[in-house]
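Report on the structure given below.
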Amino acid sequence: MKDSEPSNRRSQIVGRIRDVQWVCQFLEGDSGRGLHIIGEAGVGKTTLLDAVAEAVSEADCRVLRANGVEFEADVSFAGLHQILTPVLDDIERLPSDYREALLVALGFGAGPAPGRLLLVNATLTLLRQLAAEKPLLLIVDDLPWLDRASAVILGFVARRLSGGTVGFLAASRTGGANMLDHSGLYETELEPLDDDSAHLLLAARYPGLAARVRARVVAEARGNPLALMELPRELTASQRTAQEDLPMVLPLGERLRELFVTRVTALTADARRLLLLAALDGTGDLRVLHRAVGTDTAVLEDLAPAERERLVRTDGATRSLAFRHPLIRAAVVEASTLAQRRAAHQALAAALAERPERQAWHLAEAAIEPDEQVALRLQDAAHAVLHRGDAIGAVAALTRAAELSPVAHDRARRLAEAAYLGAEATGDVAGASELLQRAQAAEPGSSAALYAAAAAVYVLINTEADLITAHRLLVGAIEAAGPDYDADDPALIDALHTLQLVCWWSGRADLWAPFVNAVGRLKPSPPPVLAMAARTFPDPARTGLAALSDLDRVREVLRRTTDPTVLVRGATATIYIDQVGELRGRLWELVRQGRDSSGQVRRHLGALMHLCMEDFLTGDWEGAQQLADEGAALCDAEYPFFAWYFQYNQVLLHGARGEVEAGEALAERMVRWGTRRGVGAAVAFAHQARTLVCLGSGDYEAAYRHATALTPAGTLAPYKAHALWGAYDLIEAAVRTGRDAEAAAHLRALRELDVARLSDRYAMLVEGAAGLCAQDDEAVAHLQQALSVPGADRWAFEAARIRLALGERLRRTSAKGLARVPLTAAAGAFVRLGAAPWAERARMELRATGQPTLPEGTQSLLTPQELEIAHLAASGLSNKQIGERLYISHRTVGAHLYKVYPKLGITTRAALRDALNAMDGDG
């Protein structure tokens, strides 16, 4: 069909027919991906979306739409509300937990805020049900203004529902950031119209436009359809016909926006009022407009003039309204007076009584002077969205609440809390710094000082400031909050958690006293997570046991919480007692949220840290590597201070895999940085990881040197929690360098502190260390006891190292046959992990027992049939029996075995079993 043919609406989209066809074909294809259209303002993105929606609707495809709205960008789930409101009746068909979650998120139900994963699953289930009835297309326009909470949900949808019977189509301005950037959408740019199409468009819309005037407009519009449509409106009749010279500069930019204002002010008063309500509401829900008007006025009839002017489109079936271009919405607001905007916000607030968060924002926009009641409501809204994981929304709400605070003390407190959230949760250090300056300019109160100090820590650590300055700032603010330390003061609790991290980062025992004293003075008692963290995180070897009795209480808190901050703090409190695995699923949910929302950078980072270490300890080294790489990249972009933690995990992996040069270089880099910045934890981590590098390479003297740099042999240095994780390595390095007395002293220190009671993993390691220190017969008993600890094999690498030690001792006592069992198991585990130097050590021990071993990869030399025949032969079956079982002749069996023997490096049938055992151990 040619562009000039006027048989339907799409035929009027000059120059875009091919674009519409391409989009439709893409969505119908089997790529399984959604489509993201970008383009400059006014290039016709919304028009293209409209045309695609019309085309697929004609093909019996259901279309659900949402438009990003500037005012709604800080209102959680506003976009999801637009998408799902037309299908509210279908929500009732969902399982009860999904139905309740969606209704609460959309503001149609009451109850606790649903978890992000629950909402995702509920949305996916609903959309799949709809798509089962007929094809479905989701369209999201103006992505940069889509609220963050909706963007996260729709990001999951874009990745999981695109293709097949569900399509996903989105549009945004070129260069605009949006939350779906990493959702796997195929991105294409909508180019400006070519000159021929631009001339056709002008000729169709302005047939009386003189040729040279048209050429001037085309040259100035540069293919922008909006400009092409609107620029001639500013021209007089004589200018259009070239009877009067054109102005030197045709109106563009702001002047173009003014054209929309003119079109808006030409409407009836009722239409303008409704458009203003719609612009400020931003959801497109006509029912909200009905309630805001407060009468039985026929809203659709009053909007008819705006529809005729092509400013908006309405859909009576879905009871929705949409502006045809963002500039129209802006023009509506510009065309209004302050009094009209206040009245509209007040009307919307009255209409949204069931949506307290949105209502609070409208009340705030209606306020023209400080109002503590409105500020309180906005503060409550901030805390509500924060608990749902929307930290950026919380910062925006707190900042506005501060602006509405009549008392300087409250203003400073809210600004300081916003600064703390901005720095701690979102990674916006620059924004936090600016908020801090505003808070400090107001009259500070104790809570303001606490939040300001905590926020300042995150600003300082990501500059070149030292930790002593941060420590001094925090301690001063906490002491100023005394003498009564209220355990219910969230500012004080946040400050104490931050102080705990500062002390731990420093690696200095002398900095912990103010934290310990302050926690002890909390009344009536510290919150469970903080109480446990105060014992299990600073010095777990000495105080961790006392906290174990409270573990069930902490587990219950973590089970019930929906607050990401509490969850990450809970993981921190339990990391040195090996309980992070219980939180693995919840932490992964935070990671997924963080990947889809930059509003959770810090929490995302904390979850990555814990999961990365857990993956290393439990043997998922591929997962650990991926998380370490992701964390390092995130630190480069947002939080450079924390890069050392992910470097530590990378050094561990280098050391375990035998990548000595890379591990040494990265560990040295950590030491230099940590020493320069006064981050003792980074230096301690580097020494512990470097010990593993040296143990793997067989440089036991260097291993002992690094192990004792973390803590001297014979003691666990106070307030060096990480000394626990290096204890077994220190004892192994001491034994292998002939320092038996030092190894025994360190074991004695572990036993005196009763470290084995902290967790099953420590019980395994302490018994394993005892085996390293003992004489042969006693050593075997200890090592076997270590491997009998419940869940020992969960700690894959450490358990394999103990099996290797057991095999070595058994071989040394001439129990070579018994030694082969743990050695074969250890070799297999090391090969699966990719721990090359330990695998080779296990192979050497196996060879010393008289069992032949094979280079890694030998198994792949045997064909599947050769391997099966070899195993059957090793089990004692004759060639004839093997042939009968496999339905081949005994001669064929013999021919296969003739090929197998040289591949396995043997010459007799009797050697088959040992050779196959060695091969199984290797891979």
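Here the structure is a predicted model, which means the values were calculated and not measured. The first residue in the sequence is number 1, and the count goes up from there.
In terms of the side chain to side chain contact (heavy atoms under 4.5 Å, CB included) criterion, residue partners of Pro406 (sequence neighbours excluded) are, by chain and number, Pro370, Glu372. For Arg400, the salt bridge (charged side-chain N to carboxylate O under 4.0 Å, His left out) criterion is met by Glu403, not counting sequence neighbours. Applying the salt bridge (charged side-chain N to carboxylate O under 4.0 Å, His left out) criterion to Glu614, with sequence neighbours excluded, gives Arg794. Partners of Asp620 under the side chain to side chain contact (heavy atoms under 4.5 Å, CB included) rule, at least two apart in sequence or in another chain, are Arg584, Asp615, Glu622. Taking Gln647 as the reference, nothing meets the side-chain hydrogen bond (donor to acceptor under 3.5 Å, both in side chains) condition, with sequence neighbours excluded.
In terms of heavy-atom proximity, Ala628 sits nearest to Asn649 at CB-CB, 4.3 Å. Here the closest non-hydrogen pair linking Leu652 and Gln688 is CD2-NE2, 4.2 Å. The two residues Tyr648 and Ala689 make their nearest non-hydrogen contact at CD1-CB, 3.8 Å. Closest non-hydrogen pair, Leu724 versus Pro540, comes out as CD1-CG, 3.6 Å. Taking all atoms of both residues into account, the shortest heavy-atom contact from Leu499 to His471 is CD1-CD2, 3.6 Å.
Distance CZ/Arg472 to CD1/Ile468: 7.5 Å, rounded to 0.5 Å. To the nearest 0.5 angstrom, Leu102 atom CG is 6.5 Å from Leu80 atom CG. Rounded to the nearest 0.5 angstrom, His362 NE2 and Leu352 CG are separated by 5.0 Å. One finds the CG atom of Leu611 at 6.0 Å from the CG atom of Leu627 (value rounded to the nearest 0.5 Å). Between the NE2 atom in His497 and the CG atom in Leu492 there is a gap of 10.0 Å [rounded to 0.5 Å]. Note that the CG atom of Leu496 and the CG atom of Leu474 stand 9.0 Å from one another [nearest 0.5 Å].
Using modelled atom types, no side-chain atom of Asp550 and backbone atom of Arg553 make a donor-acceptor pair closer than 3.5 Å. The backbone N or O of Thr618 sits nowhere less than 3.5 Å from a side-chain atom of Trp795 that would complete a donor-acceptor pair. Of the possible polar contacts, none joining the Gln373 side chain to the Asp371 backbone as a donor-acceptor pair under 3.5 Å is found. Between the Thr536 side chain and the Ala573 main chain, a donor and an acceptor come within less than 3.5 Å of each other. Between the side chain of Ser506 and the main chain of Cys503, a donor-acceptor pair closer than 3.5 Å is present. Looking only at distances, no side-chain donor or acceptor of Ser405 sits under 3.5 Å from a matching main-chain atom of Val407. A side-chain donor-acceptor contact under 3.5 Å links Thr543 to the backbone of Asp539. Asp147 places a side-chain N or O within 3.5 Å of a backbone atom of Gly79 that can act as its donor or acceptor partner. Ser759 places a side-chain N or O within donor-acceptor distance of the main-chain N or O of Tyr762, the cut-off being under 3.5 Å. Panel note: side chain Arg586, backbone Pro564; no donor-acceptor pair is recorded below 3.5 Å.
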Please walk me through it: do Glu556 and Arg559 pass salt bridge (charged side-chain N to carboxylate O under 4.0 Å, His left out)? CA-CA 5 Å; Glu556 179 62 19; Arg559 186 187 66 80; 2.6 Å; yes

- Test side-chain contact (heavy atoms from CB on, under 4.5 Å) on Asp578 and Leu758 and set out the steps. CA-CA 8 Å; Asp578 295 319; Leu758 285 175; over 6 Å; no

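Ring geometry for His722 against Tyr576 counts as perpendicular: the plane angle is over 60°, on a 0 to 90° scale with 30° as the lower cut.
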Please output the side-chain donor-acceptor pairs of residues 518-535 that fall under 3.5 Å, not counting sequence neighbours, one pair per line with the distance.
{"residue": "Arg521", "atom": "NH2", "partner": "Pro483", "partner atom": "O", "Å": "3.2"}
{"residue": "Arg535", "atom": "NH1", "partner": "Ala546", "partner atom": "O", "Å": "3.0"}

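Under the 6.0 Å cut-off for aromatic ring centres, Trp673 and Phe641 qualify, their centroids lying closer than that.
Between Leu467 and Arg677, every side-chain heavy-atom pair lies at or beyond the 4.5 Å cut-off.
For the 3.5 Å distance criterion, the side chains of His610 and Thr572 qualify, holding a donor opposite an acceptor. When only modelled atom types and interatomic distance are considered, Gln650 and Asp629 share a side-chain donor-acceptor pair under 3.5 Å. A donor-acceptor pair shorter than 3.5 Å cannot be found between the side chains of Trp505 and Tyr645.
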